[in-house]
Amino acid sequence: LLSRYVIVSYIERPFSYAVPCGRFPKRVELWSREGEKLREIAHLPLAEDIPIAFNSCRKGPRDIHWRDDKDSVFVYTVAADEGDPTVEVEEGGKRDV
């Protein structure tokens, strides 16, 4: 079954020698199969400020992908603690939503 939509992801300038390419500015967009940009899903800036701690991550949406059980539905994860595991979240709250 072919989807009517495509998730397009690409890195942008400014590039950096201080961080790996996975931390470069990134843009994620939703396009039609015909090549028309329909929506911007995320615009992530250069991630030079990720805390040096276990389980830290960049701010903003990540792990953007299609749901396997629904047609044309994408999902993503956002860190409720803004990527810093030393930040307290609400009691009983989840770090990733």
* Group every Ile, Leu, Val, Met, Phe, Trp and Tyr by side-chain heavy-atom contacts under 4.5 Å, then state whether Tyr10 and Leu30 land in the same group. => no
* Asked: Taking only residues two or more places apart in sequence or in another chain, which ones pass side-chain hydrogen bond (donor to acceptor under 3.5 Å, both in side chains) with Trp31?
  -> Glu29
* **side-chain hydrogen bond (donor to acceptor under 3.5 Å, both in side chains) against Arg62, all qualifying residues, sequence neighbours excluded** => Asp96
* To do: Tell me, please, which residues at least two apart from Phe15 pass ring pair (Phe, Tyr, Trp, His ring centres under 6.0 Å).
  => Phe24
* Partner residues of Ser72 under the side chain to side chain contact (heavy atoms under 4.5 Å, CB included) criterion, sequence neighbours left out -> Ser3, Arg4, Tyr5
* Structure fact -> Residues at least two apart in sequence or cross-chain that pass side chain to side chain contact (heavy atoms under 4.5 Å, CB included) with Asp63, listed by chain then number, are His65, Thr77
Just jot down the salt bridge (charged side-chain N to carboxylate O under 4.0 Å, His left out) partners of [X], sequence neighbours excluded, or say none.
X	answer
Arg13	none
Lys70	none
Arg58	none
Asp68	none

* Asked: Does a side-chain heavy-atom distance below 4.5 Å link Lys26 with Ser9?
  -> yes
* Over all heavy atoms of both residues, which pair between Pro25 and Pro14 is shortest? Give the atoms and the distance, please. => CD-O, 3.3 Å
* Atom pair CZ (Phe74) and CD1 (Ile7), whose distance is rounded to the nearest 0.5 Å -> 6.5 Å
Donor-acceptor pairs under 3.5 angstrom involving side-chain atoms of residues 39-51: please list them, not counting sequence neighbours.
| unit_1 | atom_1 | unit_2 | atom_2 | d |
| --- | --- | --- | --- | --- |
| Glu40 | OE1 | Arg27 | NH1 | 2.3 |
| His43 | NE2 | Glu12 | OE1 | 3.2 |
| His43 | NE2 | Arg27 | NH2 | 3.0 |

